[in-house]
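The structure under discussion appears below in the form of structure tokens.
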Amino acid sequence: MAAPPSPDRAVRGAVLAPLAVPDGAVAGADIVRELAPELSLTVWQALRSVLLWAAQEPSARGELWERATMVAWEEELLEAPLDNDLRYPLAVIAGELALGAGADPDRLSRGCVCVTEWALSNGAVCTALAFAEAAAHAWPEHGRYAWLVGRLLRAHGRLRDAELWIRRAVQVAVSTGDWETQTLGLNSLGNVFYERGNYREATSSHVQALRIARRQQLREREGEILHDLFVSTWHTGDLEQAEGYARSALEIYQGGHERLPALAYDIAFSWMSNGYFERALPLLIELSDRFDRQGDQVRVLASSARAAAACGREALFNEYAKRTETAAAAVTGHGVAYAMFALGLGAWNLKRWNDASEYLIRALMIAEQRGEADVTSNAEAALSSVRMRQLAEVSQRESSPHVSLKRAALASHFASSLRAVAAAP
């Protein structure tokens, strides 16, 4: 498949920055490693072209490529043997770039987002992130695209980068008077703080978002923010205020809101955390097949396993632990560290110390890699307790009469053997 022509040498130096990332790698290089050979070069060329276009001053964009060549590339893409969900967005990107300075940032960014959606549906996370960032670069005045990048980065564990993009989204939204994106950004920023274990900072960001949503009468956003406020406030220890937020969110979610299952899960989780496992277990089992996102599903399955263990239902724990492991194998970030932590606690409830230790070690490794401070600290504390119980159990076994007699006999045998050696001529 033909590639678009390279820009003139005179402008190449001016557009180098978007093609490099901090470690010196070429932007989008992961696409080549992630996609099949027959796709990767074409997709990377489209990404590269968008970044080159975005790096130029608007008046200079017409000098990047010959229009006729880009039109020919668009036509070739339209006839290429690609999935429609990929072929058409790539053709739109080529068609817009053919217009040079006259390209519509809206259509160009939408084309990039469509490639992101295609990539996510095909498990190509790096490709998805690269095109989401390209969309934000192509239309930097539209904060919603920067917010989208931040959400994707958060979902895949890159919390520091997610915070930078979300802050950028909020700044753009403030400057353009985009109240909804400002609300979304502040709420998402709170969720980043929450994942890091900064619950008071998370609550503060959520409260800012709630004030704007109410002032601008963004009713649906208000429900989502109240939901997140319930979670972050509950973690600060203000249970009465948290329950108030939950009731307010439920009022808005009535009638089949898509986030109603998520709110139900968070309430069940709060019950578990307060020791009401018998109350939480039926609700968690009901919710175990209600989530499409794999990261959410793995959390619910793991919580179900933990509640089952706390209720003494070992067979049910084994069933949900197995389902959790299967679901976790398909997840690349969000939810997995907590899932392993929950399974560790479940094994602990059943006094299966070796299983508990293995689960908690996995939770600790994943949480440290993702920067999930709360799971890290909790897993460390739990692992320390499990190891102490393992040592105590070994000590108890050694102190049992049967073991003591065997050990005494072995010690006596060693002593007599050593005396025999010493007495030998």
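Put simply, the side chain of Ser357 never gets that close to the backbone of Asn354: no donor and acceptor are under 3.5 Å apart. Remark: side-chain polar atoms of Arg299 are not paired, donor with acceptor, to backbone N or O of Gly335 under 3.5 angstrom. Between the Arg306 side chain and the Gly346 main chain, no donor and acceptor come within less than 3.5 Å of each other. The main-chain N or O of Gln241 is found under 3.5 Å from a side-chain atom of Asp238 such that the two form a donor-acceptor pair. Distance alone, capped at 3.5 Å, places no donor-acceptor pair between the Ser205 side chain and the Ala202 backbone. A donor-acceptor pair under 3.5 Å is formed between the side chain of Glu34 and the backbone N or O of Thr127. Listed for the Glu133 side chain is no donor-acceptor partner under 3.5 Å among the backbone atoms of Val149. Remark: the backbone N or O of Ala347 is not paired with any side-chain donor or acceptor of Arg352 at under 3.5 angstrom. Between the side chain of Ser188 and the backbone N or O of Gly185 there is no donor-acceptor pair closer than 3.5 Å. When atom types are taken as modelled, the side chain of Thr326 and the backbone of Lys322 share a donor-acceptor pair closer than 3.5 angstrom.
To the nearest 0.5 Å, atom CG of residue Asn349 and atom CG of residue Leu345 are 7.0 Å apart. Once rounded to the nearest 0.5 Å, the distance linking CG of Leu284 with OH of Tyr320 reads 9.0 Å. Rounding to the nearest 0.5 angstrom, the gap separating the CD atom in Glu368 from the CE atom in Met365 is 8.5 Å. Between Ser304 atom OG and Arg323 atom CZ the span is 8.0 Å, to the nearest 0.5 Å. The CG atom of Leu164 sits 8.5 Å away from the CZ atom of Arg167 when rounded to the nearest 0.5 Å. A distance of 5.0 Å separates CH2 of Trp118 from CG of Leu39, quoted to the nearest 0.5 Å.
Minimum interatomic distance between Asn274 and Ser270 (heavy atoms only, all atoms of both residues): ND2-O, 2.9 Å. Leu301 and Ala327 make their closest contact through CD1-CB, 3.9 Å (heavy atoms, listed as atom of the first residue, atom of the second, distance). The two residues Ala337 and Glu372 come nearest to each other via the heavy atoms CB-OE1, 3.8 Å. Of all the heavy atoms in Trp65 and Met70, the pair that sits closest is CB-CG, 3.6 Å. Of all the heavy atoms in Glu74 and Ala91, the pair that sits closest is CG-O, 3.5 Å. Across every non-hydrogen atom of Arg154 and Ala162, the tightest pair is N-CB, 3.6 Å.
Residues Leu78 and Tyr88 are in side-chain contact: their nearest non-hydrogen atoms beyond the backbone lie under 4.5 Å apart. In this structure, Glu180 and Leu184 have side chains that are in contact, with non-hydrogen atoms separated by less than 4.5 Å. By the 4.5 Å heavy-atom criterion applied to side chains, Arg107 and Val92 are counted as neighbours. Put simply, the side chain of Arg370 does not reach to within 4.5 Å of the side chain of Val375, judged on heavy atoms. Two residues are said to be in side-chain contact when any heavy atoms from C-beta on lie closer than 4.5 Å; Val32 and Leu41 fail this criterion. Two residues are said to be in side-chain contact when any heavy atoms from C-beta on lie closer than 4.5 Å; Leu35 and Asn122 fail this criterion. Put simply, the side chain of Leu99 does not reach to within 4.5 Å of the side chain of Trp53, judged on heavy atoms. Looking at heavy atoms from C-beta onward, Arg168 lies in side-chain contact with Pro140 at the 4.5 angstrom threshold.
The pair Asp228-Arg259 meets the salt-bridge criterion, with a side-chain N (NZ, NE, NH1 or NH2) lying under 4.0 Å from an Asp/Glu carboxylate O. Contact check on Asp104 versus Arg110 returns no salt bridge, with no Lys/Arg side-chain nitrogen under 4.0 Å from an Asp/Glu carboxylate oxygen. Glu358 has no carboxylate O lying under 4.0 Å from a charged side-chain N of Arg362, or vice versa, which leaves the two without a salt bridge. Between Arg196 and Glu201, none of the side-chain N atoms (NZ, or NE/NH1/NH2) sits under 4.0 Å from a carboxylate O, so this pair counts as no salt bridge.
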- Message: Please determine whether side-chain contact (heavy atoms from CB on, under 4.5 Å) holds for the pair His142 and Val172, giving the CA-CA distance in whole Å, both sets of side-chain angles, and the decisive distance to 0.1 Å.
- Response: CA-CA 7 Å; His142 199 317; Val172 172; over 6 Å; no

- Task: Just do the side-chain contact (heavy atoms from CB on, under 4.5 Å) check on Phe131 and Ile31 with the steps written out, would you?
- Result: CA-CA 10 Å; Phe131 273 87; Ile31 292 174; 4.1 Å; yes

- Query: Passes side-chain contact (heavy atoms from CB on, under 4.5 Å), Gln254 versus Leu250? Steps please.
  - Reply: CA-CA 6 Å; Gln254 292 291 346; Leu250 184 57; 3.4 Å; yes

- Take Asn191 and Val231, measure what side-chain contact (heavy atoms from CB on, under 4.5 Å) needs, and give me the verdict at the end. CA-CA 10 Å; Asn191 290 334; Val231 177; over 6 Å; no

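Side-chain atoms of Tyr338 and Ser303 form a donor-acceptor pair, as typed in the model, at a separation below 3.5 Å. Side chains of Tyr245 and Thr233: a donor-acceptor N/O pair is absent below 3.5 angstrom, by distance only. For the residue pair Tyr194 / His206, no side-chain donor-acceptor distance below 3.5 Å is found, with atom types taken as modelled. Between Arg144 and Thr181, the side chains place a donor N or O and an acceptor N or O closer than 3.5 Å (distance only, hydrogens not considered).
Note on ring orientation: taking the six-membered ring where Trp is involved, the planes of Trp139 and Tyr145 are tilted (angle from 30° to 60°). A tilted orientation is assigned to the rings of Phe269 and Tyr265, their planes being inclined by 30° to 60°.
More than 12 heavy atoms of other shown residues, nucleotides or ligands fall within 6.0 angstrom of atom CZ in Arg279. Surrounding CG of Asn84 are more than 12 heavy atoms belonging to other residues, nucleotides or ligands, all under 6.0 Å away. The number of heavy-atom neighbours closer than 6.0 Å to CD of Gln369, taken from other residues, nucleotides and ligands shown, is 12 or below. When the shell of 6.0 Å around CZ of Arg215 is examined, it contains more than 12 heavy atoms from other residues, nucleotides or ligands. Atom CZ of Arg151 sits in a sparse spot, with 12 or fewer heavy atoms from other residues, nucleotides or ligands closer than 6.0 Å.
Of the residues Tyr199, Phe230, Phe193, the one that meets the ring pair (Phe, Tyr, Trp, His ring centres under 6.0 Å) test with His235 is Tyr199.
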